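What follows is a short report on a single structure.
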Amino acid sequence: MRIDIVSIFPEYLAALDLSLVGKARVAGLLDLRVHDLRDWTADRHRTVDDTPFGGGAGMVMRPDVWGQAIDDLTATGPAHLVVPTPSGTTFTQRTAEALATEDQLVFACGRYEGIDARVAEHYRAAGHRVSELSIGDYVLNGGEVASLVMVEAVARLLPGVIGNPESLVEESHGAAGLLEYPVYTKPPVWADLEVPDVLLSGHHAKIRRWRRDRALEKTSARRPDLIAALDASGLDKHDRAF
Ligand SMILES: Nc1cc(-c2cccs2)n[nH]1
């Protein structure tokens with residue numbers, strides 16, 4: 001997969017050189033390129049924004065500069081344009097799974113009051129998939145942090161990026177559709193707190209059952225909406241024996 005991220009603060013994306021995503025890039029599992037939007041400006045001041053038509057506070061990012069950048073970056077084939085915005089549809093694990101199947105993602109990091117609406121409109125009309133996505137109901141100063149979140153969530157789903165793909169099933173919001181059970185490691189007693197006996201029993205069926213029960217318990221308590229979704233998908237009732 002190729003991922004292009006365009007920003008007026010490309011250094012904000014330096015975190016993608018580190019850890020899991022950084023290693024995946026070095027290993028050639030992910031072709032990730034970060035670009036400075038101002039490289040596509042034509043004026044001396046490298047202008048990327050202007051005042052909003054219709055008035056109002058702040059500045060809007062120009063469509064012509066974004067058009068130059070996105071045209072260049074999508075010249076090799078169909079790409080999925082991702083525009084982080086607080087007014088977008090909610091980015092979830094399902095969204096990450098869908099994006100992870102794409103050949104190319106282009107993240108357009110908006111600043112100021114946003115990107116001229118014609119950019120998304122133009123690329124939809126040109127046949128590109130365009131997703132305006134929110135990572136939550138709060139407002140950031142720009143799309144860079146949201147892009148970091150989404151790129152990490154997508155990259156870790158790519159083949160070979162994480163060591164044990166089985167762990168993707170049982171993690172929160174994974175294929176099981178539940179929040180993750182509580183985990184423990186050495187020492188067996190810490191701050192006068194012991195590890196649940198079942199986890200020391202070596203009885204794998206009981207451990208599996210205990211973990212499922214704790215995952216169902218936690219999900220019911222914290223995210224009843226996820227339980228409702230599971231019910232709708234046919235969660236076996238006795239499966240809730242906790
Ligand atoms: N979820 C979310 C996205 C954003 C922004 C994206 C671009 C500018 S602000 N804020 N909150």
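Counting convention: from 1, in listed order, for ligands and their atoms alike. These numbers come from a predicted model, not from an experiment.
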What atoms of ligand 1 come closer than 4.0 angstrom to any heavy atom of Val139? 10 (N), 11 (N)
Counting both backbone and side chain atoms, is some N or O of Tyr138 under 3.5 Å from an N or O of ligand 1? yes
Check whether the side chains of Glu132 and Thr85 place a donor and an acceptor atom closer than 3.5 Å, and report yes or no. no
Quick check: Gly136 and ligand 1, any N/O pair under 3.5 Å apart? yes
Just which atoms of ligand 1 are under 4.0 Å from any heavy atom in Gly110? 7 (C), 8 (C)
If we number the atoms of ligand 1 from 1 as shown, the ones under 4.0 Å from a heavy atom of Gly143 are 6 (C), 7 (C), 8 (C)
Short N/O distance, under 3.5 Å, between Leu140 and ligand 1? yes
With no hydrogens and no angle check, just 3.5 Å: does a side-chain donor-acceptor pair link Trp66 and Asp116? no
Would you kindly say whether His80 and Ser131 are connected by a side-chain donor-acceptor distance under 3.5 Å? yes
Going by the order shown, which atoms of ligand 1 are within less than 4.0 Å of some heavy atom of Pro84? 6 (C), 7 (C)
Val119, Val60: one ILVMFWY side-chain cluster at the under-4.5 Å cut-off? no
What are the atoms of ligand 1, with element, lying closer than 4.0 Å to any heavy atom of Ser134? 1 (N)
Tell me, which protein residue and heavy-atom name are nearest atom 5 (C) of ligand 1, and how many Å apart are they? Pro86 CD, 3.4 Å
Quick check on Arg222: does its CZ atom have over 12 non-hydrogen neighbours (other residues, nucleotides or ligands) under 6.0 Å away? no
Counting only heavy atoms closer than 4.0 Å, does ligand 1 sit against the backbone of Thr85, its side chain, both, or neither? backbone
Indicate whether any N or O donor in one side chain lies under 3.5 Å from an N or O acceptor in the other, for Asp50 and Tyr112. no
Apply side-chain contact (heavy atoms from CB on, under 4.5 Å) to the pair Ile5 and Leu16, showing each step before the final yes or no. CA-CA 11 Å; Ile5 308 178; Leu16 295 173; 3.5 Å; yes
